[in-house]
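Here is the structure we will look at.
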Amino acid sequence: MRKKIVAGNWKMNNDINQTIALLDELIAKKPETTSAKLVVAPSFINLTTAVAKTNGTGIIVAAQNMHQAESGAFTGEVSADMLKSAHVNTVILGHSERRAYFGETNEILAKKVDTALAHGFTIIFCFGEELADRQSENHFAVVESQLREGIFHIAQENWANVVLAYEPVWAIGTGLTASPEQAQEMHAFIRNLIATAVSPAVAEATSILYGGSVKPDNAAEIFGKPDVDGGLIGGASLKADDFLGILKGIE
Ligand code: 13P
């Protein structure tokens, strides 16, 4: 059985106090047991606090990014070793905002993927087409090249540490969600691609999350699709009730 995952990407939101308050609420209100793994990705500066707070709760803390180099003169960046020493073992890579605003190319991302895997991270690898790509019906080709150039080079055994997150850029923070059918169509395409490029067993075992304006009222329908194994949530992960409402959608 593939892992089901509901992950909250907090982006550049929540100071230390807000981080503590949101985690307190999540911990207090989250169900005792759930079939999905709950992941939260606070900003770098709040990771240590989040790790301490979530200890023993089952909530996994992820970083939103990581530099590809081991260490050195990269002002403002955070390395794999730094994250590991803060007990962070999961990292989001390739988010469309990193690609669009910070120049992260498929080539850079392939290096980040290698560094993360070499340090034993679980990677949540994001990709997705822009509106113009979908309008020109180029979306499958764009997604395929993001995957081929960014992550398909890894050794087969490393796929156990990879989660994919399909996030169509036009659906992020816009209130426009891919329809459950559009999500399923793309997720099935991705799974087929993995089956051919890697192996059918890896395709079957790899969790593929959907991200882009997932809310409590559309989560169940999207998560109900056979190739959607959970979600990567932005805006709605900033409110405990909404985030947990989305988690309910996966049951
Ligand atoms: P929204 O849920 O705010 O659309 O953001 C999705 C996202 O970018 C998660 O990484």
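Counting starts at 1 for both ligands and their atoms, following the listed order. FYI, side chains are in, hydrogens and waters are out, and symmetry mates aren't considered; it's all heavy atoms of this structure.
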Row check, Phe102 ring normal vs Arg98 NZ/CZ: under 6.0 Å, within 45° |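 Checked: cation-pi criterion met.
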When you measure from the centre of the six-membered ring of Phe223, is the NZ or CZ of Lys248 under 6.0 Å away and within 45° of the axis?
->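 Output no; distance or angle outside limits.
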Do ligand 1 and [X] have nitrogen or oxygen atoms that lie under 3.5 Å from each other?
X: Gly173; value: yes
X: Lys215; value: no
X: Lys11; value: yes
X: Asn9; value: yes

Quick one: which ligand 1 atoms are inside 4.0 Å of a heavy atom on Ala171?
->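 Taking each heavy atom of Ala171 in turn, ligand 1 has 4 (O) under 4.0 Å.
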So the atoms of ligand 1 within less than 4.0 Å of a heavy atom of Glu167 turn out to be 6 (C), 7 (C), 8 (O), 9 (C), 10 (O)
Any donor-acceptor N/O pair, Ser237 side chain to Gly8 backbone, under 3.5 Å |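 Not at all, since once roles are kept as given, no pair shorter than 3.5 Å links the two residues.
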Do me a favour and list the nearest non-hydrogen protein atom to atom 3 (O) of ligand 1 with residue, atom name and distance?
->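 Checked against all protein heavy atoms, atom 3 (O) of ligand 1 sits closest to Gly235 N, 2.8 Å.
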So which heavy atom in the protein is nearest atom 2 (O) of ligand 1, and how far is it from that ligand atom?
-> Gly234 N, 2.9 Å
Taking NZ, NE, NH1 and NH2 as the nitrogens, is one of them in [X] or [Y] under 4.0 Å from a carboxylate oxygen of the other?
X: Lys29; Y: Asp24; answer: no
X: Glu181; Y: Lys225; answer: yes
X: Arg134; Y: Glu129; answer: yes

Could you tell me if any non-hydrogen atom of Gly211 lies under 4.0 Å from any atom of ligand 1?
->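 Flag not set, Gly211 not near ligand 1.
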Distance-only side-chain donor-acceptor flag, Trp10 / Gln64, under 3.5 Å | no
